[in-house]
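Quantities reported herein were computed from a predicted structural model and do not represent experimental measurements.
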Amino acid sequence: MEFFCYHRDRPGSLTLRQELLEDHWSYMDRYAEELIARGPTLLGEDEIPTGSVHIVDLPDPAAARAFAFGEPGYQAGVYRDVMLRRWRNVLGRSMWEFPGGRSGGSHYLVLGLGTGQAADLSVPRDADELIAYGPLLSDDGDRWLGTAALVRAPDPATARAVLTQERYAGIEVHNWEFGGRR
């Protein structure tokens, strides 16, 4: 089962986050085979971390909760909240298999919170720029709750356009970069 996990930083936690970076990486290294994508969201030109995205393949929701809430930054109070949702890997690959590689262009997390009828369940036309893409689902996988995508795009507006705007209660676009040591 695939899960989307987004730890959002608590204001004022940057120093603590930096102190725990090696602990965070070591923790994630234990899940190297299960990770589909990982990396921080960033704010502004100074690229200040604002959160941490992990898309991971785990046996069940209990294992996903253990993964999300056992993370050292969460345990130490770096994060203000955690979004944990079932997710489906529509592209069928990891970020390390993205044909565009880690460099070149800007990267974004596009997070659409859905309402009503499911939308954007299949791969969009311009899939060449998608690093990861898939629906956010309820724990049982039966209900569509939105869509999460990692996208290479020239700007946030282009990244946002990967989703059908009118089908979402809200769409967030965050600067994102490839994470980890892999």
Side-chain angles (χ1 to χ4, degrees), residues 1-14 16-42 49-97 108-116 118-121 130-151 163 168-174 176-182:
M1 278 181 197
E2 297 151 336
F3 295 88
F4 173 84
C5 181
Y6 184 25
H7 292 89
R8 295 177 194 250
D9 287 19
R10 179 178 50 81
S13 67
L14 180 58
L16 180 58
R17 179 192 241 276
Q18 291 169 332
E19 290 170 5
L20 293 169
L21 188 59
E22 182 57 39
D23 291 342
H24 168 78
W25 282 352
S26 293
Y27 183 80
M28 291 303 154
D29 287 347
R30 294 181 0 212
Y31 293 93
E33 296 304 313
E34 292 86 4
L35 283 164
I36 296 166
R38 69 185 280 192
T41 55
L42 307 162
T50 60
S52 194
V53 172
H54 299 94
I55 302 174
V56 61
D57 189 356
L58 295 168
D60 54 47
R65 283 189 288 282
F67 167 82
F69 299 114
E71 194 277 333
Y74 178 82
Q75 291 292 313
V78 170
Y79 307 115
R80 68 177 166 101
D81 60 52
V82 178
M83 174 189 275
L84 181 61
R85 295 281 184 242
R86 288 270 305 269
W87 186 78
R88 187 170 51 246
N89 187 355
V90 174
L91 299 176
R93 60 174 161 76
S94 75
M95 73 177 201
W96 296 278
E97 298 166 301
Y108 300 94
L109 163 64
V110 181
L111 189 56
L113 302 178
T115 60
D120 298 323
L121 295 176
L130 295 175
I131 300 160
Y133 184 88
L136 298 168
L137 305 166
S138 58
D139 278 354
D140 61 10
D142 289 340
R143 196 170 67 242
W144 176 81
L145 303 173
T147 305
L150 299 172
V151 182
L163 299 183
Y168 296 88
I171 296 177
E172 301 175 13
V173 179
H174 303 272
W176 174 84
E177 68 180 28
F178 282 75
R181 303 188 245 230
R182 243 161 106 156

Side chains of residues 49-58: which donor-acceptor pairs under 3.5 Å do they make with residues two or more places apart or in other chains?
unit_1	atom_1	unit_2	atom_2	d
Thr50	OG1	Thr41	O	3.4
Thr50	OG1	Thr41	OG1	2.8
Asp57	OD1	Met1	N	3.1

task: Please lay out, stage by stage, how Leu111 and Leu136 fare under the test side-chain contact (heavy atoms from CB on, under 4.5 Å).
output: CA-CA 9 Å; Leu111 189 56; Leu136 298 168; 3.7 Å; yes
message: Please evaluate residues Arg30 and Ser26 with respect to the criterion side-chain contact (heavy atoms from CB on, under 4.5 Å), reporting the C-alpha separation (whole Å), side-chain torsions for both, the decisive distance (0.1 Å), and the verdict.
response: CA-CA 7 Å; Arg30 294 181 0 212; Ser26 293; over 6 Å; no
- prompt: Step by step, would you call Asp9 with Leu14 a side-chain contact (heavy atoms from CB on, under 4.5 Å)?
  reply: CA-CA 8 Å; Asp9 287 19; Leu14 180 58; 5.7 Å; no
- prompt: Val82 and Cys5: side-chain contact (heavy atoms from CB on, under 4.5 Å), yes or no, with the steps?
  reply: CA-CA 7 Å; Val82 178; Cys5 181; 4.0 Å; yes
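Side-chain atoms of Val90 and Leu121, non-hydrogen and from C-beta on, never get closer than 4.5 Å to each other. Residues Val78 and His7 fail the side-chain proximity criterion, which asks for heavy atoms closer than 4.5 Å. With a 4.5 Å cut-off on side-chain heavy atoms, Tyr27 and Gln75 do not count as touching. Between Leu145 and Phe4, the closest side-chain pair of non-hydrogen atoms is not below 4.5 Å. Put simply, the side chain of Phe178 does not reach to within 4.5 Å of the side chain of Leu150, judged on heavy atoms. In this structure, Phe3 and Pro61 have side chains that are in contact, with non-hydrogen atoms separated by less than 4.5 Å.
Less than 6.0 angstrom separates the ring centroid of Phe69 from the ring centroid of Tyr74.
The two residues Trp144 and Gly116 have their closest heavy-atom pair at CE3-O, 3.8 Å. The minimum heavy-atom distance linking Trp176 with Tyr108 is given by the pair CB-C, 3.8 Å. Scanning both residues, Tyr133 and Ala149, for their nearest heavy atoms gives CD1-CB, 3.6 Å. Leu35 and Trp96 get closest at one heavy-atom pair: O-CZ3, 3.3 Å. Contact between Leu163 and Asp120 at its shortest, heavy atoms only, is CA-OD2, 3.5 Å. The nearest pair of heavy atoms linking Leu20 to Gly73 is CD1-CA, 4.0 Å.
Side chain of Glu97 to main chain of Ser94: a donor-acceptor pair is present (N/O by atom type, distance under 3.5 Å, no hydrogens or angles).
Within the structure, salt bridge (charged side-chain N to carboxylate O under 4.0 Å, His left out) contacts touching residues 77-88 (residues at least two apart or in different chains) are Arg8-Asp81. The stretch residues 132-146 participates, sequence neighbours left out, in these salt bridge (charged side-chain N to carboxylate O under 4.0 Å, His left out) pairs: Arg65-Asp139.
Using bins of under 30°, 30° to 60° and over 60° for the plane-to-plane angle, the ring pair Tyr31/Phe67 lands in the perpendicular bin.
Interatomic distance, CD of Glu22 versus NE2 of His24, reported as 10.5 Å (0.5 Å rounding).
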